[in-house]
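Here it is: the structure, laid out below.
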Amino acid sequence: MKARNTLCFLLLSMFIVGCSKHQVPITKRNQLMLLSKKDEVKIGRRNFHGIINKSKLSKDEDKKEMLKRVGLKLTSTINNKRLNWEFILIENDSINASCFPGGKVIVNTGVFKVAQNDEQLATILSHEIAHAISRHGSARISRNRILNGIEGAGVLLTGFLNPLMIIPFVMTYEVGTKNGIINPAIRMEENEADIIGLHLMKKANYDLSAALDFWNNLKNYNKRKRHMTNATHASYTIRIKNIKRTIAKLNNKI
Ligand SMILES: [Zn+2]
């Protein structure tokens, strides 16, 4: 009975996977999507309020003005009336920014240590906006749901065949999916956000070479940090090389 349930679950998962696709704008890549846009906005809103509630809003008017100016210039190129863009600067020294489904963007003041002008700020903002319009966060949740479902089915099947093998199965499965699926997928999405971000910068008439300045600034700032081969982000060197390639392609399109 258990085996039959497992089989039904696997067939159902395959059916769901086959039916639920989303096409990323610009790159036109199809990705697995189990979350509706409504659920995505709900989760995004919850995460956004979670961060805002425990953060201190910045009172630096110059930086806030710069953020709004660059953010609105970039988002004016996106034709999506459902998105209600808002740019919020919070007091936090770490170099981080995030864009939530629905159009809320949070930027840490730490970003200004490496984003020294409008064009460089546009680089990180366009990358974060690219993640949001590509629905990468929801794709990540969808992927994890499927992997967890398969793991559950695998545990059932293993328990049915040999209960002593459940723990080795779980350990092998989790390490294998992390190294073989989860981290490579995140690296691919990071690269995709860089590519889409550069397209947005170009549409907004920003000088694309500023993206290289921004990433070089970040590389210098973090020069003491060692990069792990299987990290979720490519090394700065690889990233800068890929960005150069995309810039060359975009500049040849004129
Ligand atoms: Zn990213």
Side-chain angles (χ1 to χ4, degrees), residues 22 24-27 29 31-33 35 40 43-44 47-48 50-51 67 70-71 74-75 77-78 83 85 87-90 92 94-115 119-144 178 181-202 204 206 208 210-219 221-222 225 227-247 250:
H22 166 255
V24 176
I26 296 173
T27 62
R29 178 180 65 84
Q31 63 184 350
L32 165 74
M33 189 58 66
L35 247 72
E40 176 180 278
I43 295 172
N47 292 342
F48 168 78
I51 296 179
L67 173 61
V70 175
L74 280 170
T75 52
T77 68
I78 299 167
L83 294 173
W85 297 103
F87 303 89
I88 297 145
L89 185 64
I90 59 172
N92 188 324
S94 73
I95 302 172
N96 209 357
S98 29
C99 178
F100 297 85
K104 298 264 190 281
V105 184
I106 295 180
V107 175
N108 287 358
T109 42
V111 161
F112 288 82
K113 290 186 284 194
V114 285
E119 286 81 4
Q120 291 179 20
L121 181 62
T123 307
I124 183 163
L125 277 187
S126 63
H127 173 95
E128 295 306 327
I129 292 166
H131 275 311
I133 61 172
S134 307
R135 303 181 67 197
H136 284 160
S138 300
R140 213 168 280 189
I141 294 173
S142 305
R143 207 159 48 227
N144 290 342
K178 184 173 179 239
I181 299 175
I182 298 171
N183 286 3
I186 295 176
R187 284 199 295 275
M188 182 269 296
E189 287 163 352
E190 287 305 319
N191 183 42
E192 190 168 60
D194 283 343
I195 294 171
I196 295 173
L198 287 165
H199 275 81
L200 296 178
M201 278 179 77
K202 187 178 163 74
Y206 279 117
L208 299 186
L212 293 173
D213 298 334
F214 172 82
W215 285 106
N216 278 314
N217 290 349
L218 195 57
K219 185 182 175 186
Y221 186 83
N222 286 323
K225 275 192 197 162
H227 183 261
M228 311 300 268
T229 326
N230 191 37
T232 52
H233 289 62
S235 70
Y236 290 121
T237 312
I238 293 178
R239 205 157 182 174
I240 289 167
K241 206 169 106 191
N242 289 339
I243 287 170
K244 267 187 193 157
R245 197 183 306 138
T246 305
I247 293 176
L250 282 172

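In this chain, residues are counted from 1 in sequence order. In listed order, ligands and their atoms are each counted from 1.
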*asked:* Among the N, O or S atoms of H131, which one sits nearest to the Zn ion (ligand 1)?
replied: NE2
*Specify which N/O/S atom of E190 comes nearest to the Zn ion (ligand 1), by atom name.*
OE1
*Under 3.5 Å, side chain of K104 to main-chain N/O of F48, donor-acceptor pair present?*
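It does not hold such a pair.
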*asked:* Tell me whether the Zn ion (ligand 1) has H127 as a neighbour, meaning an N, O or S atom of it below 2.8 Å.
replied: yes
_Intermediate values then yes/no, side chain to side chain donor-acceptor pair (under 3.5 Å), E190 and H136_ = CA-CA 9 Å; E190 287 305 319; H136 284 160; over 6 Å; no
*Which distance, rounded to the nearest 0.5 Å, do you find between the NZ of K219 and the CG of N217?*
12.0 Å
*Measure up the W85 and F87 rings against each other and bin them: parallel (under 30°), tilted (30 to 60°), perpendicular (over 60°).*
parallel
